[in-house]
Amino acid sequence: MTPVPRQTDPPQGDSASAPEPRSAPRSSPRWPLALVTGASSGIGAAFARRLAAAGSDLVIVARRGDRLEALAEELGAAHGVQVETLVADLSDPAQLAGVEARLREGERPVDLLVNNAGAGGHGPYSTLAIDDVEAMVRLNLLAPARLTAAALPVMVARGRGGIVNVSSISGEQPIPFVATYAATKAFLTSLSESLHEELRGSGVAVTAVLPGFTRSEFHDRADMGRSIPRPLWMTCEAVVDAALAAVGRGQAVCVPGFGYRLLVGLSRHAPRGVVRRVAGMVGRRT
Ligand SMILES: NC(=O)c1ccc[n+]([C@@H]2O[C@H](COP(=O)([O-])OP(=O)(O)OC[C@H]3O[C@@H](n4cnc5c(N)ncnc54)[C@H](OP(=O)(O)O)[C@@H]3O)[C@@H](O)[C@H]2O)c1
């Protein structure tokens, strides 16, 4: 199915009946138009809320159209921004192509692309349905790779733009029982870092964001995370604030939270065999 764009305009008409925008930094938002994938919940919805509050118009993408419509109405009313919704399953090549086409549009170019949609899953690799593995690779790896490829020519031609790829600390090491997810995120971080260097001096920033455990719908959907101690959890807002600050200053990699920065630093310097064993223990627990 081809995704159908729908425009949610800011309130029109008689100023007496039009709701007042509650925050109004509409003059010159850092990112005039941002496209956020996976905006129907969790980190993506938090990106949409933060960007709208800063005055950005939005294109929001996910499968659950009802959630997108509700968010579009909420943000249009609260901030006076324009929010376009695109309903698309990004693991489906035809639906993904609709979002790529939107990014190639030169008429209303996207200033910031947030590749956030993603899903997890776990289990011994030998027992997994290969179609589920492929769907995860399509969503977590191919979709951001293709959307980035669609967005970049327009951004490079304009000499400005930003791309945030929501990767994960899971991509920093192999994780037994979460093998596909960890591999897709390793790809995404590596792709982002390479592009960051390729685009140096172009005016386009590519930033990989590597969250740790973050409260969202992610772990319920993947049936994971119940044994994770409470202090390890971050909020979506904290992740998004760190990510937007990082892409704003052209940072290549952003690990939100001091504890997770320490963890990533340790895992990069520890012997690979030790890291694998520890990751295996964590993989079994989560
Ligand atoms: N939560 C964590 O602890 C954590 C840690 C590290 C990294 N991350 C990454 O953060 C990103 C956001 O996850 P989250 O924590 O916010 O989880 P979430 O609440 O489950 O949100 C995932 C978003 O992705 C969308 N999505 C899932 N499958 C899709 C598909 N096939 N096509 C289009 N959209 C799809 C979902 O919308 P629909 O279901 O409506 O399509 C939803 O909006 C993911 O890339 C995840 O890997 C999360």
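All values below were derived from every heavy atom in this structure, side-chain atoms included, with hydrogens, water molecules and symmetry-related copies excluded. Start at 1 and go down the list; that is how both ligands and their atoms are numbered.
Applying the 4.0 Å criterion to heavy atoms of Tyr181 picks out, from ligand 1, the atoms 6 (C), 7 (C), 8 (N), 9 (C), 46 (C), 47 (O). Which parts of ligand 1 touch Ser168 is read off a 4.0 Å heavy-atom cut-off, strictly below it: atoms 6 (C), 7 (C). Taking a cut-off of under 4.0 Å to the non-hydrogen atoms of Asp89, the atoms of ligand 1 that pass are 30 (C), 31 (N), 32 (N). Below 4.0 Å from some heavy atom of Val166 lie the following atoms of ligand 1, by number and element: 9 (C), 10 (O), 11 (C), 45 (O). Counting the atoms of ligand 1 from 1 in the order shown, those under 4.0 Å from a heavy atom of Ala39 are 43 (O). Close approach of ligand 1 to Phe213 (heavy-atom distance below 4.0 Å) involves ligand atoms 3 (O). Of all atoms in ligand 1, numbered sequentially from 1 with element shown, those under 4.0 Å from a heavy atom of Ser41 are 18 (P), 19 (O), 21 (O), 42 (C), 43 (O). Set against the non-hydrogen atoms of Gly42, the atoms of ligand 1 under 4.0 Å away are 16 (O), 19 (O).
Exactly one of Leu68, Leu71, Val59, Leu75 qualifies for a side-chain contact (heavy atoms from CB on, under 4.5 Å) with Val83. That residue is Leu75. Looking at Thr207, Asn115, Asn165, Thr148 one by one, the single match for side-chain hydrogen bond (donor to acceptor under 3.5 Å, both in side chains) with Ser192 turns out to be Asn165. Screening Val239, Leu232, Leu210 for a side-chain contact (heavy atoms from CB on, under 4.5 Å) with Tyr260, the sole residue that qualifies is Leu232. Partner of Asp57 under the side-chain hydrogen bond (donor to acceptor under 3.5 Å, both in side chains) criterion, out of Gln82, Arg108, His79: Arg108 alone.
Taking atom 13 (O) of ligand 1 as the reference point, the nearest protein heavy-atom neighbour is Phe218 CD1, 4.1 Å. For atom 32 (N) of ligand 1, the nearest protein heavy atom (residue, atom name, distance) is Leu90 N, 2.9 Å. Arg221 NE, 3.0 Å is the protein heavy atom nearest to atom 20 (O) of ligand 1. In this structure, the protein non-hydrogen atom closest to atom 27 (C) of ligand 1 is Arg63 NH2, 3.5 Å. Scanning all protein heavy atoms for the shortest distance to atom 16 (O) of ligand 1 gives Ile43 N, 2.8 Å. In terms of protein heavy-atom proximity, atom 11 (C) of ligand 1 is nearest to Asn116 O, 3.0 Å. Of all protein heavy atoms, the one closest to atom 15 (O) of ligand 1 is Ser216 OG, 2.6 Å. Closest to atom 22 (C) of ligand 1, if we only count protein heavy atoms, is Gly118 O, 3.8 Å.
Ring-plane geometry between His219 and Trp233 is classed as perpendicular, the angle between the planes exceeding 60 degrees on a 0 to 90 degree scale with a lower cut at 30.
What you find for Val247 and Ala205 is that their closest heavy atoms are O-CB, 4.0 Å.
Not a single N or O atom of Leu139, backbone or side chain, sits closer than 3.5 Å to an N or O atom of ligand 1. At a 3.5 angstrom cut-off on N or O pairs, Gly44 does not count as close to ligand 1. The shortest N or O to N or O distance between Ser40 and ligand 1 is below 3.5 Å.
In this structure, the side chains of Leu51 and Leu244 come closer than 4.5 Å at one or more pairs of heavy atoms. Side-chain atoms of Leu35 and Val99, non-hydrogen and from C-beta on, do get closer than 4.5 Å to each other. Side-chain atoms of Ser91 and Glu134, non-hydrogen and from C-beta on, never get closer than 4.5 Å to each other.
Heavy atoms of His219 found under 4.0 angstrom from ligand 1 belong exclusively to the side chain. With a heavy-atom cut-off of 4.0 Å, Ala135 does not touch ligand 1 at all. Residue contacts with ligand 1, taken as heavy atom pairs separated by less than 4.0 Å, involve Ser167 solely via the backbone atoms N, CA, C and O. Both the backbone and the side chain of Thr214 come within 4.0 Å of ligand 1, judged by heavy-atom distances.
Residue contact annotation: Lys185 has a non-hydrogen atom under 4.0 Å from ligand 1. Contact annotation: Gly212 has at least one heavy atom less than 4.0 Å from an atom of ligand 1. The closest approach between Ala119 and ligand 1 stays at or above 4.0 Å for every heavy atom of the residue. In this structure, Ala88 counts as a contact residue of ligand 1, since one of its heavy atoms falls inside 4.0 Å of the ligand.
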- request: Check step by step if salt bridge (charged side-chain N to carboxylate O under 4.0 Å, His left out) holds for Glu217 and Arg64.
  value: CA-CA 13 Å; Glu217 297 177 10; Arg64 287 171 294 180; 3.2 Å; yes
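Within a 6.0 Å radius of CZ in Arg102, more than 12 heavy atoms belonging to other residues, nucleotides or ligands are found. Environment of CZ in Arg277: sparse, with no more than 12 heavy atoms of neighbouring residues, nucleotides or ligands closer than 6.0 Å.
Glu237 and Arg50 are not joined by a salt bridge, as no carboxylate oxygen comes within less than 4.0 angstrom of a charged side-chain nitrogen.
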